[in-house]
Amino acid sequence: MDTKYLKMAMEYRSSIDALMGSKEYADTVLVGGEVINVITREIYKADIAIKHKYILLVGDCKELIGPETTVIDVSGRYLSPGFIDSHMHFESSMLTVTEFSRLSIPSGTTTLVADPHEIGNALGTIGMKAMADEIDHVPSNVYLVVPALTPDCPDLETAGYDVNSKDMKELLNYKNIIGIGELQGFSNAKHVYRNTPEIITDLLASTIYARSKNMVVDGNAPELFGKELAAHIISTGGKCSCHETTTKKEAVEKLRQGVYLFMREGSTQKNMAECIRAVTEEGMDSRRCILATDDMVAADLETIGHMNEIVRRTIKEGVSPAEAIQMVTINPATYFGLDHVGVLSPGKQADIAIIDDLEEMVIAGVFLKGNLVSLKKELLIDLPRYTYPEVVKTSVKIGPISENDLEIEAEGQSARVRCIEVIPDQNLTGKSEETLRVNRGLVEADTGKDTLYIACVERYNRTNNIGKAFVKGFGMQEGAFAESVAHDTHNIMVVGSNIKDMTIAVNKVIEMGGGIAIANRGRVLSEMRLPVGGLITDELDGHEVSRKIAELENVITKDLGCKIHAPLMHLSFLALSTSPAWKITDKGLIDVNNFKILPPVIK
C-alpha cells in the first residue's frame, strides 16, 4: 500500500478518537460561520472542525475544542469548499505551476485541473512529465489531463512532437496525471471522418485505454450538433466535457446529450453568460454545469481574481450563490472523481474559502489541507520559485529569417486578399476580403483599412514552413510584435504593419529561445524571455510576470496603436486550427470549416 494511504488511515483513526473519545481534539475550529452546503444547496450557521488535513465535523463543534485547539471566529462570513478550475492551461498565463498557485490561492482556488496541451505540442512527453514533476512542489491540488494527439490537425500544422496512442501508456501511468484532455483532434468531426479517419482510430485507442483505467476524457466540440456531436461523445469513450460552447442552443444540446458543460470565462474568451441561459431561461438542471477559465493572464489573476470572479459573474446572471458555487466545487469534483475535495463534510480534505461578501465573492481567507494559507489576499506560506531542467529549454531550433521570407507576392497594381477577422473575447474568428496595393510585385498592408500582415513561422526545424496572410481587428498603426505562443502547435506568430519590423521581432524571439518581442521603426522596443518550451518563464515570479506583460501590452497599445485588449492572447489564438472560421498555421491560411489551406491572394 502507498505510504500516503497508511498515513491517511492513521489520521482517520485519530479523527475518530477526537470525535468519540475524550483525549483528542480538533486542531482548528471555525466558529459561527454560514456554511455553504453544496450537497443540499443550503446555507446555514455551523462550525467546522479540522484535524490534520481533514474536516472532522460540520455542525456544533464545541466539544471538539481542547486546550491546544485554534479557534477562529468567522461570524458573519460564509464558508465554502475551496474552488476548482476544471480546465485551464498554465502556459497561457506564461507562469509555472508554482507561480499560478501563488496568484490563485488567495482568491479561493485550491484545486487546478490543467491540460498541458501547449507544452505537449512543443516538447511532447518530456515537457508534460516535467510539468507533472513540478506539481509535487506546490501546496495546491493540481492534476493534469494530457493530450491524446498533437498536433490536432496533422495535415494543417506542424508541432514540435507528434503525440498519439503510442505515448498513452507512458503518460497515463505517470504521477499527477488523471486522464486525457480536450479531444481537439475530432472537433471538426465531419472533415476528420472524411479526410483523416485514421485519427479517429488512434484517438479511440487512447480514450478506451484511459477508460480502462477509470480516467476522464475531456471533449472539445465547438458548434457540433446531432450526429456529429454524438460521434464526438462516443470518441471520448461515452462521457466527456466540452469547454468550447458559445451559444445557448449549443448548451442545451450538450446538456441533453449528457455532456458536462464547461462554461468558459477566461481573460479573453467569455462564454458563461450565453451558456448559463440554458439554466436561467430554460430551467435545465445545473448538476453538469461547471465553470472553467481555459486561459487566464497573470494580471487578471493578480488584480481581478480567479474562480471567485467567475462565480461572481455567474451570480450576476441570475444564478443563486449556492448554485454558482456548486459549479466550482461539487460539480467538477463529481466529474473528475475527486472524492476528497469539493464538499464540506467529514473526512474530506479541509480546503475552505472564507467569504466576506457572498454576492461579490470577496475572499477573506483560504484553508488548504487544513492550514490557513491566505488571509486578506496575502499568501501566508513560503512558496519557493521553481526552476525547470535545461532539457525543456531548447524548443526553438531555427536560425534567423529574412524579410523575403515574410513577403507576399502578387501581380498588377492591386490585389484582392483574404483576411482573418479577430473577434474580441473569442477564439472564433471571422473572414473577409480586402483590396490592397501592390508595389513592385509585393502586397502592402494598409493600416487605414485595419489590414495588417500576419505570419506563422515553424520553429522546431522540422519543415521550415512559414504561413502568411492578412488580418483585421488589431487596429495597429505601425510596428510589429511576435511571440512563440500560438495555440496549439506554438510556432512563432507575428503581426505587423511592415515586413521589416516583423522580421526584427521574429528574430528576437528566435534569439531568446522563445518569448515575446515588440519592434518599431527598425528596433526592438521591449521583450520577454519564455525559456520553458517557448511558453513559460521560470525566471520571474507571478507578480513580476503580471507587471512585465502589462508593460509589453502598454507598448503595443501606445507605441503601435493597437486597439484590442489582451493583444498577445488574441494573437496566440489566431493559430487555433480547430476553431472556426479562418486561422493561420505554419502551413498557411486555414479554412477550418472546410479543412483547406487557402492562398492569401485571391487569383
Side-chain angles (χ1 to χ4, degrees), residues 88-97 100 114-134 144-154 156-164 166-167 170-171 174 177 181-182 184-185 294-295 386-399 456-467 482-494 506 509-517 528-539 568-569 571-578 583-587:
M88 51 81 65
H89 306 273
F90 291 110
E91 303 95 324
S92 295
S93 67
M94 303 178 190
L95 300 172
T96 61
V97 179
F100 195 100
D115 185 335
H117 202 100
E118 324 309 335
I119 203 166
N121 268 271
L123 294 165
T125 56
I126 290 173
M128 291 185 276
K129 288 165 72 174
M131 185 174 284
D133 290 341
E134 186 194 356
L144 301 182
V145 286
V146 297
L149 179 72
T150 68
D152 291 303
C153 301
L156 303 179
E157 57 192 343
T158 306
Y161 183 92
D162 299 334
V163 173
N164 55 40
K166 74 181 187 304
D167 300 296
E170 177 184 2
L171 288 170
Y174 202 73
I177 294 174
E182 52 185 285
Q184 292 190 111
D294 200 5
D295 301 289
Y386 186 84
T387 301
Y388 272 80
E390 289 301 314
V391 70
V392 299
K393 297 182 178 180
T394 57
S395 65
V396 179
K397 300 177 180 179
I398 60 170
C456 183
V457 180
E458 192 270 315
R459 67 172 164 110
Y460 306 110
N461 200 25
R462 299 183 74 186
T463 64
N464 296 314
N465 289 335
I466 298 179
E483 59 182 327
S484 55
V485 181
H487 297 281
D488 279 317
T489 52
H490 298 289
N491 290 298
I492 298 173
M493 289 285 279
V494 60
V506 169
V509 171
I510 293 170
E511 177 191 326
M512 292 187 293
I516 302 163
M528 176 182 173
R529 271 173 40 89
L530 296 171
V532 181
L535 301 166
I536 290 170
T537 175
D538 61 354
E539 300 170 342
L568 295 169
M569 189 170 282
L571 176 61
S572 72
F573 278 110
L574 297 186
L576 187 59
S577 61
T578 58
K583 296 292 165 61
I584 187 167
T585 73
D586 64 296
K587 294 193 177 183

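None of these values were measured; they are calculated from a predicted model. All values below were derived from every heavy atom in this structure, side-chain atoms included, with hydrogens, water molecules and symmetry-related copies excluded.
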So [Y] and [X], do their side chains get closer than 4.5 Å, heavy atoms only?
{"X": "Ile119", "Y": "Val532", "answer": "yes"}
{"X": "Asp152", "Y": "His117", "answer": "yes"}
{"X": "Asn121", "Y": "Pro151", "answer": "yes"}
{"X": "Met131", "Y": "Val97", "answer": "yes"}
{"X": "Leu156", "Y": "Lys583", "answer": "no"}
{"X": "Pro147", "Y": "Gln184", "answer": "no"}
{"X": "Met493", "Y": "Phe573", "answer": "no"}

Taking all atoms of both residues into account, what is the closest heavy-atom pair of [X] and [Y], and its distance?
{"X": "Gly127", "Y": "Val392", "result": "CA-CG1, 4.3 Å"}
{"X": "Val396", "Y": "Gly514", "result": "CG2-N, 3.6 Å"}
{"X": "Ile492", "Y": "Ala482", "result": "CG2-CB, 4.4 Å"}
{"X": "Lys397", "Y": "Thr394", "result": "CE-O, 3.1 Å"}

State the [atom1]-[atom2] distance between [X] and [Y], to the nearest 0.5 angstrom.
{"X": "Thr150", "Y": "Glu118", "atom1": "OG1", "atom2": "CD", "answer": "11.0 Å"}
{"X": "Leu535", "Y": "Ser93", "atom1": "CG", "atom2": "OG", "answer": "10.5 Å"}
{"X": "His487", "Y": "His89", "atom1": "NE2", "atom2": "NE2", "answer": "7.0 Å"}
{"X": "Leu530", "Y": "Asp538", "atom1": "CG", "atom2": "CG", "answer": "10.0 Å"}
{"X": "Arg459", "Y": "Ile510", "atom1": "CZ", "atom2": "CD1", "answer": "10.5 Å"}
{"X": "Asp488", "Y": "Thr585", "atom1": "CG", "atom2": "OG1", "answer": "12.0 Å"}

> Can you name the residues that form a side chain to side chain contact (heavy atoms under 4.5 Å, CB included) with Glu511, not counting sequence neighbours?
Replying inline: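 Checked Glu511 against side chain to side chain contact (heavy atoms under 4.5 Å, CB included); matches are Lys508.
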> Salt bridge or not for Asp586 and Arg462, using N-O below 4.0 Å?
Replying inline: no
Mark yes or no for whether [X], through its side chain, and [Y], through its backbone, hold a donor-acceptor pair below 3.5 Å.
{"X": "Asp295", "Y": "Ser92", "result": "no"}
{"X": "Glu458", "Y": "Asn464", "result": "yes"}
{"X": "Asn491", "Y": "Thr158", "result": "yes"}
{"X": "Ser484", "Y": "Gly534", "result": "yes"}
{"X": "Ser572", "Y": "Val485", "result": "no"}

>> Which label fits Phe90 and Phe100: parallel for a plane angle under 30°, tilted from 30 to 60°, or perpendicular past 60°?
In response: perpendicular
> For Asp294, which residues count as a salt bridge (charged side-chain N to carboxylate O under 4.0 Å, His left out) partner, sequence neighbours excluded?
Replying inline: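 Testing Asp294 for salt bridge (charged side-chain N to carboxylate O under 4.0 Å, His left out), a comparison that skips the adjacent residues, returns Arg264.
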> Between Leu568 and Ile516, is a side chain to side chain contact (heavy atoms under 4.5 Å, CB included) present by the stated rule, with each step listed?
Replying inline: CA-CA 9 Å; Leu568 295 169; Ile516 302 163; 3.7 Å; yes
>> I'd like to know whether Asp167 forms a side chain to side chain contact (heavy atoms under 4.5 Å, CB included) with Tyr161, so could you lay out the CA-CA distance, the side-chain angles of the two residues, the decisive distance to 0.1 Å, and finally the verdict.
In response: CA-CA 11 Å; Asp167 300 296; Tyr161 183 92; 3.0 Å; yes
> Around Ile398, counting heavy atoms of other residues, nucleotides and ligands shown, do more than 12 lie under 6.0 Å from its CD1?
Replying inline: yes
>> By the salt bridge (Lys or Arg N to Asp or Glu O under 4.0 Å) test, which pairs, at least two apart or in different chains, include something from residues 122-131?
In response: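 Residue pairs with at least one partner in residues 122-131: Lys129-Glu170.
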